[in-house]
Every structure is written in C-alpha cells, then in structure tokens.
Asker: 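This is the structure I have questions about; it appears just below.
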Protein chains: 2
Amino acid sequence: MTAPFAGASAAPSPAPAPAPAADREPVTVLGLGPIGTALTDALLRAGHPVTVWNRTAAKAADVAARGARTAPTAAAALAASPVAVVALADYAALASVLSGVDLGGRTLVNLASGTPAEAAAASADATARGAAYLDGAIMVPPHVIGGPDSVVLYSGPGAVFDAHREVLDALGGPRHLGADPGLAVLQNTALLGLMYATVTGFLHAAALTGTAGVRVEEFADLAVGWFLPSVVHPIITAAAPDVDRGRFPGAQGTLEMNRTALEHVIGAGDERGIDSSLPRALADLAARAAARGHGGDNFMSVLDPLRSPEA
Amino acid sequence: MTAPFAGASAAPSPAPAPAPAADREPVTVLGLGPIGTALTDALLRAGHPVTVWNRTAAKAADVAARGARTAPTAAAALAASPVAVVALADYAALASVLSGVDLGGRTLVNLASGTPAEAAAASADATARGAAYLDGAIMVPPHVIGGPDSVVLYSGPGAVFDAHREVLDALGGPRHLGADPGLAVLQNTALLGLMYATVTGFLHAAALTGTAGVRVEEFADLAVGWFLPSVVHPIITAAAPDVDRGRFPGAQGTLEMNRTALEHVIGAGDERGIDSSLPRALADLAARAAARGHGGDNFMSVLDPLRSPEA
C-alpha cells in the first residue's frame, strides 16, 4: 500500500452512496483509516453492501451514516461477507486481527503495507486456514480510490482475481501482476523507491537553480513539463530491451562520459553551497560499475552493481 | 552542453546540404566532435555559409565534403564570420583556442561544458575583448540537433540572442533563460542531476523487481509509461507553488510517513540482496529534514537540507 504522498491535492467530500444493489457481492472492510474509509466509500458508491470493522469503533460513524453496516468484532465482520478488503496498518496488524478467527471459505484482499516476504507469509497462513488470498498495493492517494484515475496492483492466484473482479473494479484500476503473492508489494516498493529518487532529484536540481533565483514552479515547468517526459523517459524505454539482453551499448555515450557529467553536477553544487550527497551517491554507484569494466558501456550498466553489490 | 547519454538511438546519416543561401548569415563552427559536426550539418541544411576549424584538421573532411569551408587556424575561422558557434570540450579549451585571437566585433555562442562560474568568466573575458557572448547548453543527442525535437538553452544578453535568432533557430529549439550568462549551464547541470537521479532510481527499482523475474522492459512500461507521468509529475507540479512560498503542508501525507515508506524500500532491497545505497542516501536527507522540524510537513521539505546543508 502506498504511503499517501506529500503534495497531493485535498480530498473532496465523498458523494452520497446509492442504496445497495441486490446483485452486488457483499464486502467487508477491516480498518477505517483514510485508505479504509476511501475503499468503503468506493464500494458503497458501486452499490455493494459493506460491513466495516475498526479497532476504534467510533471511526465507523461516518461511513455508517453513508450506508455501511458496522460489526462489533473482526470475526463478525468477516462472517458477514464472502470477501474482505483489509486496510490495516501493516502485516503484523493483519496477523493480530485475524488471530483465532475462522477464515474457512473466505477471500482476503490484503492492502497492508510491508515487504514481499511478509506478503508471502500472509498468503501461506491464509491459504493454510482455508481462505483464498490476494495481495494488493494501492498506487494513488485516498481521494482517487474508486475514481477513473485509480490504480491498484494485485498479485496472487488469477482465479481469485477473476472471481472478485467486480469488487476490484469498484476500487478502481485493478492490474493483476502474477500469481506470486509478493509481486504487488515488490513492484509498489520499487515504484516508491523510484518516486523518492525522482522527487529528491528534482528537489536537488531546484536547490541548484534556486541559487540563481529561478523559482521552483518555473524549474518544474522545464524539468517535469518537458525534460523528463521528452528526454529521459524515451531514453529509458529505448534502452530497456537491450538491458534485458544484458547489453549496454556505449556507442551513443559511455559511462565514463556520464561520470564526467556527474562530476560537473557535484562541482556546480559545491560552487553554489548546496548539498551534493545525492549526486555523490550516484557517482559512487557509477564508479563501482566502471570498476567492473563498464566504462565503455552506457550508463544503464549501473544496473550491474545495483543487482549484485557483492560481486 | 549535455553529455551524450546512454541509450540514445543511432544517428542517421545527415541529409545532403543545399547550396548556401545569399541571405543567410555566415557562421563559424569551432570544434568538430560529434556535437560540432551535428551543429555544422544543421547550419548547412538551413543554408548558412559555414566555416569550420578543428585542432585535428582531418576531422573536417566529412563536413567539407558536405559544403563547409575549412580554415587553417582558429583566428582565420573567427575572421570568416560575424558569429562563431563553439563546440570545444570545455572552457579551458575555449580559453586556449581564443588566446591571442582578435575577437573585436565578433559574437561567440559557446556550447562548451562546465560550471556557471566558468560561463561567467568566459563571458567577462569575451566582453572585455570586444565580443558579444552567449552561453548555451544543448539538451539533446547529436542526431537530434537542428531537428524538430532539438532544444538548446541559452543565457546572456537578450539583444545578442535576438540578433542571431536565425542561426539559433537552425540549431533547433532555442530557449532564452535570462541575461546571467551562467543560467544555461546551471539549468543544464541541474537537469542532468535530475536525469541521473531518475535513471538510477529506475535501475534500482528494476533491480528490485528483477529479483522476482520481472523483465526491465515490462517494469519500464509500468514505471515510465504510467507511474512517473501520471502519479509523480502531477505531485511535483502541484506542490511547486507552495514550495516557492516556503510552505510544505503535510495534510495529505507527512515526511514521517514517507520516511517509513523509504525504510520499506531499503528493507525490501536488503531482503532481496540488491544494493540499497541510493534509498539510504534519500533516507538520510529525509532524516536531516525531520531533524530540522519538518516531520509533520510534506516530503518536499527535504529541499531545506538540500538548500542549506550547514544550517
């Protein structure tokens, strides 16, 4: 589950929910933080009967007023519907809440945050107790859940994904990544790492241009409005098939040339008195790739020391 | 000047140049590496009479066959045209080549690589010697120069930019950033830093998903085809005006929540045996922002320790 990210726009008030439709599968939602509340509202809007449970019962009042039924215990909530969407804080909370509860015949769609190994363990535990298990990662802020721009990654048995597709459609933008239950958390975690690298790279660049009085909004227009989508993304997309074949052709620019450019980034930062720890970390990785003989390859060869730090 | 980057597609053969047009301003090009050669071909295609000089004269043979005149010395090349486009390796090479040469009445458009302080010094030197000076940074690979997707950043006096606009148009996509001669190099350097952060962030993410057998091409489709343009760029664009006002509102997600997510990125990498030095560097910056009291602000507050590392 993605951490709600800095800078997202404010959440609108949820639209009133229609009365539950007779042909919609009943769904239970465990956990009513900002995410669980948004999931509940999305399900209510799609006409699903929804039963909710939260450790602090008072948090259920708002969604109850919008049509959700409240259950006094997690066990009662799980008994109320064939499928339960779990929006607890983490896998430890999931294990604690499910402890001693009969899961036979239920389907769990777990959207908790954690690591691939935790997802695999949760899947194994649920399956051993007679439940079907799907792991998921919400890739959008709470107010986007259920809307046309919602994206949720899922992993686990394709048959479970297909059986509850209508419920997953109500949450918005379901993408099934594969049967390995850890895949959704793994790809979500990888995307978060990419997000922090890109946003911090942007902030470093904004700090550098800011020393000459360039406004952040002005630099964002150049960097995000043009440079990343028009220059950087096509480079990555074009190089990816070669990377999959283990090929890093340097004919259009070598790692050594890019290491020189990185030294200019560090030099300009030092000249202007800003922090250069990010480009230094990038230069260190590039140096390790060069030390493995990739100096004449292209910059994508930095994948080598990233993949196998102890080679 | 941008370092030609890994993964760019191969250069097509230059189209045959038309005969020089009588109404086009004559241009001199100093330096005939891949960039200088591409600049020369773009000018020839636009009908400019072009005089070239390169320290190793043999490199001029190809562009001479396509219609460029060769000059035996840099001084002779500079005397041949009112404006000279400089594509030497760096500012030191520029200073060396111009040493003792009469620059009176000439306009220099310098596209060499370096730092803002070097650009400022080159501008001051040229101006003191009676020349007009424009500094520039080519943002695209050589084969794109002069084409519809070319972008070249310029800084220096607006009057100089306007006076030679036809020449700059022939090189493609001229953008004037302001009168400070260091601005083009500064913004180019900042964008390069952003590029390396984003590409390395992508490679780290690809290394992580690769441990589950996800192909790089498949992950690029998710990361570059959807996540960066649809999720990350709007976050940056939406936050920029607040950042310019020194505001980092945490209502939609705090730095502390994002620090927890970064720990998951590091944890997943450690679990899978890949290198986590990049997310660790990002987490360190976030920790320094938190130590300055930004824990309840949003992630953009990492700009604070980037801007003033010694605060």
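Please read all numbers here as calculations on a predicted model, not as lab measurements. Every chain is numbered from 1, with letters handed out A, B, ... down the list of sequences.
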Asker: Do you know which of Thr209(A), Thr198(A), Val243(A), Asp244(A) has the most heavy-atom pairs under 4.5 Å to chain B?
Answerer: Asp244(A)
Asker: Go through the steps to decide whether Phe202(B) and Val216(B) satisfy the test side-chain contact (heavy atoms from CB on, under 4.5 Å), and finish with yes or no.
Answerer: CA-CA 9 Å; Phe202(B) 172 82; Val216(B) 176; 3.9 Å; yes
Asker: Among the options Leu255(A), Leu222(A), Asp149(A), Asp242(A), pick out the one with the most heavy-atom pairs lying under 4.5 Å from chain B.
Answerer: Leu222(A)
Asker: Go through Thr189(A), Asp284(A), Leu183(A) and name the one with the most non-hydrogen pairs under 4.5 angstrom from chain B.
Answerer: Thr189(A)
Asker: Given that the side chain runs from C-beta out, which part of Phe219(B) has a heavy atom under 4.5 Å from chain A: side chain, backbone, both or neither?
Answerer: side chain
Asker: Checking Phe227(A) against chain B: side chain, backbone, both or neither under 4.5 Å from a heavy atom?
Answerer: side chain
Asker: Checking Pro116(B) against chain A: side chain, backbone, both or neither under 4.5 Å from a heavy atom?
Answerer: both
Asker: Going by the angle between their ring planes, with limits at 30° and 60°, are Phe299(B) and Tyr196(A) parallel, tilted or perpendicular?
Answerer: tilted
Asker: Please state whether the side chain, the backbone, both or neither of Val144(B) comes within less than 4.5 Å of a heavy atom of chain A.
Answerer: neither
Asker: Let me know if Arg280(B) has heavy atoms under 4.5 Å from chain A in its side chain, its backbone, both or neither.
Answerer: neither
Asker: I'd like to check Asp270(B) versus Ser276(B) (side-chain heavy atoms, cut-off strictly below 4.5 Å). Are they in contact?
Answerer: yes
Asker: So which residue, Ile266(A), Thr260(A), Thr211(A), Leu262(A), ends up with the most heavy-atom pairs under 4.5 Å with chain B?
Answerer: Leu262(A)
Asker: Quick check on Ala281(B) against chain A: is it the side chain, the backbone, both or neither that has a heavy atom closer than 4.5 Å?
Answerer: side chain
Asker: What distance separates Leu208(A) CG from Leu203(A) CG, expressed to the nearest 0.5 Å?
Answerer: 12.5 Å
Asker: Given 3.5 Å as the limit, does a donor-acceptor pair link the side chain of Asn188(A) with the main chain of Ala137(A), or not?
Answerer: no
Asker: Can you say whether Gln187(B) sits under 4.5 Å from chain A via the side chain, the backbone, both, or neither, judging by heavy atoms?
Answerer: both
Asker: Find the distance between CD1 (Ile145(A)) and CD1 (Ile138(A)) and round it off to the nearest 0.5 Å.
Answerer: 4.0 Å
Asker: Does any heavy atom of chain B fall under 4.5 Å from the side chain of Val224(A), the backbone, both, or neither of them?
Answerer: both
Asker: Sort Leu191(B) into side chain, backbone, both or neither according to what part of it lies under 4.5 angstrom from a heavy atom of chain A.
Answerer: both
Asker: Once rounded to the nearest 0.5 Å, what's the spacing between atom OG of Ser277(B) and atom CG of Leu282(A)?
Answerer: 8.5 Å
Asker: Could you check whether any side-chain N or O of His143(B) sits under 3.5 Å from a backbone N or O of Ala38(B), counting only pairs where one atom can act as donor and the other as acceptor?
Answerer: no
Asker: Quick check on Ala220(B) against chain A: is it the side chain, the backbone, both or neither that has a heavy atom closer than 4.5 Å?
Answerer: side chain
Asker: Would you mind reporting whether Leu186(A) and Arg272(B) have side-chain heavy atoms less than 4.5 Å apart?
Answerer: yes
Asker: Are Asp275(A) and His204(A) close enough, and set up right, to give a side-chain contact (heavy atoms from CB on, under 4.5 Å), and what steps lead you there?
Answerer: CA-CA 8 Å; Asp275(A) 184 279; His204(A) 170 268; 5.8 Å; no
Asker: Could you have a look at Ile236(B), Leu153(B), Val231(B) and say which one has the most heavy-atom pairs with chain A under 4.5 angstrom?
Answerer: Ile236(B)
Asker: I'd like to verify something: which residue of Val302(B), Asp180(B), Val214(B), Leu228(B) has the highest number of heavy-atom pairs under 4.5 Å with chain A?
Answerer: Leu228(B)
